[in-house]
A.B. asks: 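Quick one: the structure is below, and I'll ask about it shortly.
Residue numbers start from 1 in every chain, and the chains themselves are labelled A, B, ... in the order their sequence lines are given, proteins ahead of strands.
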Amino acid sequence: MNTVPRELFTLDPIRSAQELLGCTLVWGKAAGKIVETEAYAEFGDEASHAFLRTGVREFIRFRPPGSIYVYLNYGVHWLLNFLVKQGPWNGFVLIRALEPVHGIDLMEQRRGLHDPKQLCSGPGKLTQALGITGESNGADFFNLPDVCLLARTGRIEVAIDRRIGITKSPDLPWRFVAAESKFLSAPVRKTRPRAN
DNA sequence: ACACGGATACTA
DNA sequence: AGTATCCGTGTC
């Protein structure tokens, strides 16, 4: 099984987000295939934390591509992002959903439920299922023990949507999903960007 | 439909 | 210090 090299995170966030689809994220004893991602850009993207937070801009400047950015959202959920650095197009990829493939009993235990479709079908759900917390924030993924990213096997059909749950820059079509997946956080919407 | 609840940045 | 905001989930 091939593992993904750091170069996957030296692309712009939009390309990196799509390349990550179909890869399998192994985190300790649990693993899941990435079926949903979103791209966030350092510049020109008001929904990116880098737009307002000086600490996040420093994070981008000083950490290597492939670094893990984990933050607490709504005071409740840890959200997992990868730092991508391509020069003018730095940013983050948010991992939004996984198809569970390994350690499912452990995921069920951590999540407190048994429906495989609900174990990792959301950015906060998958961190809970994998046991990811802010403890990992700032770590270099490629220097972490017991984690890796397995390369995609075969082709994957990518569907594109607007990002979910944001209020700033809402019309950017930077949500990417494995079109055939039954493990998404939400179906792909058919709405066109609002006029004006 | 709504409660849950913490980090960050801004106002002062 | 106080307030507004935030890339969500589970349960009502």
A.B. asks: So what does F92(A) touch, heavy atoms closer than 4.0 Å: a base, only the sugar-phosphate, or nothing?
C.D. replies: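 If one applies the 4.0 Å heavy-atom cut-off, F92(A) turns out to touch nothing in the nucleic acid.
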
A.B. asks: Return the value, rounded to whole Å, for the distance between atom CZ of R57(A) and atom P of dT8(B).
C.D. replies: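 Taking atom P of dT8(B) as the reference, CZ of R57(A) is at 14 Å.
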
A.B. asks: For a quick check, tell me whether the side chain of Y74(A) and the base of dC4(B) share a donor-acceptor pair closer than 3.5 Å.
C.D. replies: no

A.B. asks: Using whole Å, what does the distance between atom P of nucleotide dA4(C) and atom NZ of K168(A) come to?
C.D. replies: 15 Å

A.B. asks: From C-beta outward on T54(A), which listed nucleotide comes closest to its side chain: dA9(B), dC6(C), dC7(C)?
C.D. replies: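 Nearest to the side-chain atoms of T54(A), counting from C-beta on, is dA9(B).
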
A.B. asks: Would you sort out whether Y71(A) and N137(A) count as a side chain to side chain contact (heavy atoms under 4.5 Å, CB included), showing the intermediate values?
C.D. replies: CA-CA 7 Å; Y71(A) 72 93; N137(A) 184 46; over 6 Å; no

A.B. asks: With the side chain of N73(A) defined as its heavy atoms from C-beta on, choose the nearest nucleotide among dG10(C), dG6(B), dC7(C).
C.D. replies: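 In terms of side-chain proximity for N73(A), the closest of dG10(C), dG6(B), dC7(C) is dC7(C).
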
A.B. asks: Looking at K125(A), I'd like to know whether one of its side-chain N or O atoms comes within less than 4.0 Å of OP1 or OP2 on dG10(C).
C.D. replies: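 Checking K125(A) against dG10(C): at least one side-chain N or O falls below 4.0 Å of OP1 or OP2.
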
A.B. asks: Can you check whether H114(A)'s main-chain N or O pairs, donor with acceptor, with Q118(A)'s side chain at less than 3.5 Å?
C.D. replies: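 Checked: no pair found.
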
A.B. asks: Could you check whether atom CZ of R15(A) has more than 12 heavy atoms from other residues, nucleotides or ligands sitting under 6.0 Å from it?
C.D. replies: no

A.B. asks: Looking at S185(A) and G122(A), what are the two nearest heavy atoms and their distance?
C.D. replies: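 Reported closest heavy-atom pair: CB-CA, 3.8 Å.
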
A.B. asks: Looking across every strand, which nucleic acid part, if any, lies under 4.0 Å from R111(A) by heavy atom: base, sugar-phosphate, or nothing?
C.D. replies: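 Sugar-phosphate only.
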
A.B. asks: In whole angstrom, give the distance that lies between atom CD of E58(A) and atom P of dT8(B).
C.D. replies: 12 Å

A.B. asks: Which part of the nucleic acid does S185(A) contact within heavy-atom distance under 4.0 Å: base, sugar-phosphate only, or nothing?
C.D. replies: nothing

A.B. asks: Please check if the side chain of R96(A) supplies one atom and the backbone of T37(A) the other of a donor-acceptor pair under 3.5 Å.
C.D. replies: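 Side chain of R96(A) to backbone of T37(A), a donor-acceptor pair under 3.5 Å: no, none is there.
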
A.B. asks: Of all the choices, dG6(B), dG8(C), dC7(C), which nucleotide is nearest to the side chain of H77(A) once you look at every atom?
C.D. replies: dG8(C)

A.B. asks: Rounded to the nearest 0.5 Å, what separation is found between the CG atom of N143(A) and the CZ atom of R6(A)?
C.D. replies: 6.5 Å

A.B. asks: Taking CG from D45(A) and P from dC6(C), how many angstroms apart are they, rounded to a whole number?
C.D. replies: 13 Å

A.B. asks: Take atom CZ of R163(A) and atom C1' of dC6(C), then tell me their distance rounded to the nearest Å.
C.D. replies: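 So the two atoms are 14 Å apart, to the nearest Å.
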
A.B. asks: Contact class for R53(A) (heavy atom, under 4.0 Å): base, sugar-phosphate, or nothing?
C.D. replies: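 Counting heavy atoms under 4.0 Å across all strands, the contact made by R53(A) is with sugar-phosphate only.
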
A.B. asks: Below 4.0 angstrom from OP1 or OP2 of dC7(C), is there any side-chain N or O of S48(A)?
C.D. replies: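 For dC7(C), OP1/OP2 do not have a side-chain N/O of S48(A) under 4.0 Å.
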
A.B. asks: Please confirm whether the shortest side-chain N or O distance from T167(A) to OP1 or OP2 of dC6(C) is below 4.0 Å.
C.D. replies: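 So the side-chain polar atoms of T167(A) do come within 4.0 Å of the phosphate oxygens OP1 or OP2 of dC6(C), strictly under.
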
A.B. asks: What is the distance from CG of L72(A) to C1' of dC4(B), rounded to the nearest Å?
C.D. replies: 12 Å

A.B. asks: Quickly work out the N81(A) CG to dC6(C) C1' distance and round it to whole Å.
C.D. replies: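 It works out to 13 Å between those atoms.
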
A.B. asks: Of all the choices, dC4(B), dC7(C), dC10(B), which nucleotide is nearest to the side chain of I166(A) once you look at every atom?
C.D. replies: dC7(C)

A.B. asks: With C1' as the reference atom in both, quote the distance from dG10(C) to dA7(B) in angstrom, rounded to an integer.
C.D. replies: 22 Å

A.B. asks: L184(A) has an atom CG; how far is it from atom C1' of dT9(C), in whole Å?
C.D. replies: 17 Å

A.B. asks: Counting only Watson-Crick or G-U wobble pairs whose two distances fall under 3.5 Å, which nucleotide matches dT9(C)?
C.D. replies: dA3(B)

